[in-house]
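A short write-up of the structure that comes next.
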Protein chains: 2
Amino acid sequence: MNEKQHTTLDSYIHQYQLEDLFPASFRQHMKVSPFEKGETLFTAGDQLEELYFLVEGKIKIFTLTPEGKSLINRFKRPLALIGDVEYVKGSPVLNSVEAVTEGVMISAPFSHLSDLEKEHPSFIRFLLDTVAHKFYTESHTTSMHMLYPVEVRLASYLLSISSVGEGTVFHQEMRTSNLIELAEWIGTSYRHLNRVLKKMAADHVVERTNGSVTIKDLEKLRTLAKGNIYE
Amino acid sequence: MNEKQHTTLDSYIHQYQLEDLFPASFRQHMKVSPFEKGETLFTAGDQLEELYFLVEGKIKIFTLTPEGKSLINRFKRPLALIGDVEYVKGSPVLNSVEAVTEGVMISAPFSHLSDLEKEHPSFIRFLLDTVAHKFYTESHTTSMHMLYPVEVRLASYLLSISSVGEGTVFHQEMRTSNLIELAEWIGTSYRHLNRVLKKMAADHVVERTNGSVTIKDLEKLRTLAKGNIYE
DNA sequence: AGCACGTTAGGACATATGTCCTTTCGAAAC
DNA sequence: GTTTCGAAAGGACATATGTCCTAACGTGCT
């Protein structure tokens, strides 16, 4: 590892307060890997050899069926772990991962992590916290996806991205880069998403202008979401 | 704790090889709790105080919506943990739990588990393994539920309960106690399940006699399942 | 301007799935 | 044997969602 990389690694570790997790002696095993927008980072079925930390950029985790359908499981921003479950279970990659923006990951080989576990049990606790949280949110969204129609899910999504300060409504745009992606995230077809959006627009819940969607009536949205919200 | 309970607790711990996890000194904090068939064990939103181990019987984990719909997340048989994620995250119970049969759970208070963590780090590793596995299966079934129609899910289910010895097909009955429960498990309405079953029967994939379903053509079933299988 | 391309928007139709209701059926109770 | 009751089976209809296709639109490029 060259000097530049070393410096970068340390600064990321400092930035995210990972000093306790990775003692200085361990960092020699770690790597810094930048990635480009749109790049395929991992493919379902891959056998991982390292645990990755997303420290910059945005990625999406998704499932692809043999028939070509895709379902976005979640988006991730720093600080996020990739490969934690795979490390623990020793199983192949469950979902594919793609870069939504450019970014950076730092990584540590599985082979050295088992040593780290022994010397720093806090690392196991860290993994446990991470995986438990993943399970919690996954379980929550699953129930929602299974039990409510697209309209409710869309309303929940819109609520979750509208940062509502006390009473003041900031009309926000969607965070997904486009409607196709949003459809994959909500778990429906683009066509159907469009249909539901049109209905919401007709009911003055949202407004569509120039391909962007703006929230008009937060209260109606809350009613539609039936108390559900993403994450 | 009386003598009887003590003996019972020890025998369960022995049976499931939990000796290393719970040193003798810790066992005084543990309880044995039998439960009846149909009993509601936990309700979503409860605040848990103990970690439970299912050591006998069968339970189901499910979600209830305010509208009364229910979705079965999974069935569990010994040895299974309940409350692991809640313990780690300190959050209220995510899903309701009901006893399918009578059974027994043993439990340990959260308050003492943090001590156990310090003295026996292997306990954390045990939790991590458990939660990682839960996440893995949850994620798998989620994708399947979102991406495939009921017919595929039903075929997968039937495959997963048909223990197929080399070439020999054991025509098995379903493990869910009835079709209503099966519908909740697959994530559809009873009516629709019935419809799909009828179609499968018409195609000679299964046979329905006296309310029980028998697998007739394993190969066709495999084709229908498209390589998916539960768990 | 004119073209290329990805995104947005929506019509027409097919399919998947849900809701409500009625009938049948078999086991258990009387 | 008759009654009772929950589960099985399915008809009729409504709704949710998917598929295929076409058109409009905006942005960047030539």
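Labels below follow one simple rule: chain letters A, B, ... track the order of the sequence lines, proteins then strands, and each chain is numbered from 1.
- Of all nucleotides listed (D/dA8, C/dT8, C/dG10), D/dA8 comes nearest to the side chain of B/Leu179.
- In this structure, NZ of B/Lys198 is placed 15 Å from P of C/dT24, rounded to the nearest angstrom.
- Distances shorter than 4.0 Å separate some side-chain N or O of A/Arg208 from OP1 or OP2 on C/dG10.
- Spacing between atom CG of B/Leu154 and atom P of C/dT17 amounts to 11 Å, rounded to whole angstrom units.
- Sorted by residue number, the members of residues 187-195 of chain B with any non-hydrogen atom under 4.0 Å from DNA chain C read B/Thr188, B/Ser189, B/Arg191, B/His192, B/Arg195.
- Using modelled atom types, no side-chain atom of A/Arg153 and backbone atom of A/Ala225 make a donor-acceptor pair closer than 3.5 Å.
- With sequence neighbours excluded, no residue forms a salt bridge (Lys or Arg N to Asp or Glu O under 4.0 Å) with A/Glu86.
- Partners of B/Lys76 by salt bridge (Lys or Arg N to Asp or Glu O under 4.0 Å), not counting sequence neighbours: none found.
- Taking atom NZ of residue A/Lys69 and atom P of nucleotide D/dC20, one finds them 11 Å apart after rounding to whole Å.
- Computed from coordinates, the B/Leu224 CG to C/dA16 C1' distance equals 15 Å when rounded to whole Å.
- Annotation: ring pair (Phe, Tyr, Trp, His ring centres under 6.0 Å) contacts involving residues 189-218 of chain A, sequence neighbours excluded, are absent.
- Side chains of A/Asn95 and A/Thr63: a donor on one and an acceptor on the other come within 3.5 Å.
- Taking atom CD of residue A/Glu184 and atom P of nucleotide D/dG18, one finds them 12 Å apart after rounding to whole Å.
- Atom P of nucleotide D/dT19 and atom CG of B/Leu147 are separated by 11 Å, given to the nearest angstrom.
- Of the candidate nucleotides D/dA16, C/dT17, D/dG11, C/dT17 has the atom nearest to the side chain of B/Arg153.
- Taking atom CG of residue B/Leu197 and atom P of nucleotide C/dT17, one finds them 13 Å apart after rounding to whole Å.
- Each ring pair (Phe, Tyr, Trp, His ring centres under 6.0 Å) pair with one or both residues in residues 38-66 of chain B, not counting sequence neighbours, appears once here: B/Phe22-B/Phe53, B/Phe42-B/Tyr52.
- At whole-Å resolution of the value, CE in A/Met146 and P in C/dG18 are 9 Å apart.
- Within the 4.0 angstrom heavy-atom criterion, no nucleotide atom of any strand lies near B/Lys199.
- Judged as a salt bridge (Lys or Arg N to Asp or Glu O under 4.0 Å), and not counting sequence neighbours, the contacts of A/Asp129 are A/Arg125.
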